[in-house]
Amino acid sequence: MLEIQRLRTDTEAVIKGLEGRHFANAREIVNQLLELDEKRRALLTEMEQNKHAMNQASKSIGALMKTGKREEAEAAKAESASLKALIKEQEQQVQDVETARFDLLVTLPNINHPSVPVGKSENDNATVSTNDIKVAFDFDALPHWELATKHNIISWELGVKLTGAGFPVYIGKGARLQRALITWFLNKAQEAGFEEVMPPLVVNEDSGFGTGQLPDKEGQMYHVTEDNIYLIPTAEVPITNLYRNVILKEEDLPIKHCGYTPCFRREAGSYGKDVKGLNRLHQFDKVEIVQISHPDKSYETLEVMINYVMGLLDELGLPYRQLLLCTGDTGFTSAKTYDMEVYSAAQGRWLEVSSVSNFETFQANRLKLRYRGEDNKTQVAHTLNGSALALPRIMAALLENNQQADGSIVIPEVLRPYTGFDKIG
RNA sequence: GGAGAGGUGGCAGAGUGGUCGAAUGCGGUGGUCUUGAAAACCAUUGACCUUCACGGGUCCGGGGGUUCGAAUCCCUCCCUCUCCGCCA
């Protein structure tokens, strides 16, 4: 959520930022918000003056009664009572305006950082860097969904039987590879200073609002209606919400956490290659890294985080490219996002395996996540997070890129201590 | 699922209708003392909104009500704890 303050003082920049995101009617909506804001403050001032008068009158009654000045007390009572009705009316007005302002304000996406390229869609994203790993086959390479079936390490049918499409069952070496990746990712994150957290996998509405999933993307989450809780779409939600309504000390920053969780996403998928095999699932595993940063440091931190993710991919030996998402492709809550994509030679396409974002104060405003600065004043912190990493597409790329002419799949060196085997098949 | 208790400032915990944003203790911060530390003592110490400022307003789990006036009374919702039941 953007600060209303920012709309007031930085109006043109906000409008420009929203337009860069192709947010419809940016100018009208911002103006509407400013009008509501002005109206709110005018009403508030007026109401508070009345409240002050009423409070004075009420306070005097007690004293007057004690000293036996009954008549004056009665007069004060009458004054207070007459103000009461007026105040009640004004309270309702303030409430209405506030609600309208809030409802409109939460529909605004974050404003992009100036370094984000202007663009419309994913075609306008900028490639920032790549590594020089190349994968080529001199035989007919199989896509991972065929490899998985061939080696009986993932069953799509059993997942359908148990639950439905998008819920695969990992079996034998498939399950162990999965577990190895999780452990390795967590160990690496810990080495990099991220403290591990094991949060609940379902969260309440407040948490969903805090990180920006609610009220907007309600349909993306599985909702347990009987208890009104939501299955988490990412560990970002519970981990970041640990700090909802928290005032940190400045010296506590940065806060660094990592966590492994399954992630649940309803997203009604499209058909074909995009969602085949592990490419898009309703349940998948992910290790997430989260930071709460001092505003002055958050962009520095973003670079450190994306570099950390690239280091993981280098160690796994996967070819990647680092993308800087353009204004049109950046997520609703983010000010700047890097995506990491891994090249899957057998599918001949890039697979997104990580997304690292700086939300600046967008989430922190909703979370009321602040720190106390030098002057002892509370200030809103910055939040960041990134996948490090999402498992399924890493799995897909490993299976596909590491397949050999004899049909076996070689496990990367770094994972072998965790898998206990060096190849599949 | 059944029965009961309770939700007050960073924490503990008073406060049952009027000067209570709230005693007291602990913790935090600053100071005195000390070579230093501890102890002791003194002072200070909530958040938010609004205002150029002075100031004003709101907040005792959330919402609503009674009253001139509510932390205090009533209604309602939420949450936590204890016991029983069930159970990895």
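No side-chain N or O of A/Asn307 forms a donor-acceptor pair with one of A/Glu303 less than 3.5 Å apart. For the residue pair A/Asp285 / A/Tyr260, a side-chain donor-acceptor distance below 3.5 Å is found, with atom types taken as modelled.
Outside the 6.0 Å centre-distance limit, the rings of A/Phe264 and A/Phe284 are not counted as a close aromatic pair. Remark: aromatic rings of A/His257 and A/Tyr243 are close, center separation under 6.0 Å.
Nucleotide B/C52 holds its C1' atom 14 Å from the CD atom of A/Gln5, rounded to whole Å. Rounded to an integer number of Å, the gap from NZ of A/Lys377 to P of B/A47 is 12 Å. Atom NZ of A/Lys368 and atom P of B/C49 are 9 Å apart (whole Å).
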(message) A/Lys286 vs A/Glu288, test: salt bridge (Lys or Arg N to Asp or Glu O under 4.0 Å). Steps then yes/no.
(response) CA-CA 6 Å; A/Lys286 179 160 63 65; A/Glu288 185 80 0; 2.6 Å; yes
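Comparing B/G18, B/U50, B/G46 by their closest approach to the side chain of A/Ser58 singles out B/G18. You'll find that the side chain of A/Lys88 is closest to B/G65, out of B/U51, B/C48, B/G65. Closest approach to the A/Lys84 side chain among B/U50, B/A47, B/C68 is made by B/C68 (side chain taken as heavy atoms from C-beta onward).
B/C81 is paired with B/G4 under the Watson-Crick or G-U wobble criterion, all donor-acceptor distances under 3.5 Å.
Here the rule is side-chain hydrogen bond (donor to acceptor under 3.5 Å, both in side chains) with A/Thr330, and of A/Asn125, A/Asn112, A/Asp339 only A/Asn112 fits it.
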Collect all protein-nucleotide pairs involving nucleotides 55-59 of chain B in which both atoms are nitrogen or oxygen and the distance is under 3.5 Å.
| residue | atom | partner | partner atom | Å |
| --- | --- | --- | --- | --- |
| B/G56 | O3' | A/His52 | ND1 | 2.8 |
| B/G56 | N2 | A/Glu48 | OE1 | 3.0 |
| B/G56 | N2 | A/Glu48 | OE2 | 3.4 |
| B/G57 | OP1 | A/His52 | ND1 | 2.9 |
| B/G57 | OP1 | A/Asn55 | ND2 | 3.4 |

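Contact between the side-chain N/O atoms of A/Arg41 and the OP1/OP2 oxygens of B/U51 is found at a separation under 4.0 Å. Within the structure, every side-chain polar atom (N or O) of A/Arg370 is placed at least 4.0 Å from both OP1 and OP2 of B/A47.
Across the C1' atoms, B/G28 and B/G46 are found 13 Å apart, a figure rounded to whole Å.
If A/Ala57 and A/Asp37 are placed on RNA chain B by their nearest nucleotide, the residue sitting closer to the 5' end is A/Asp37.
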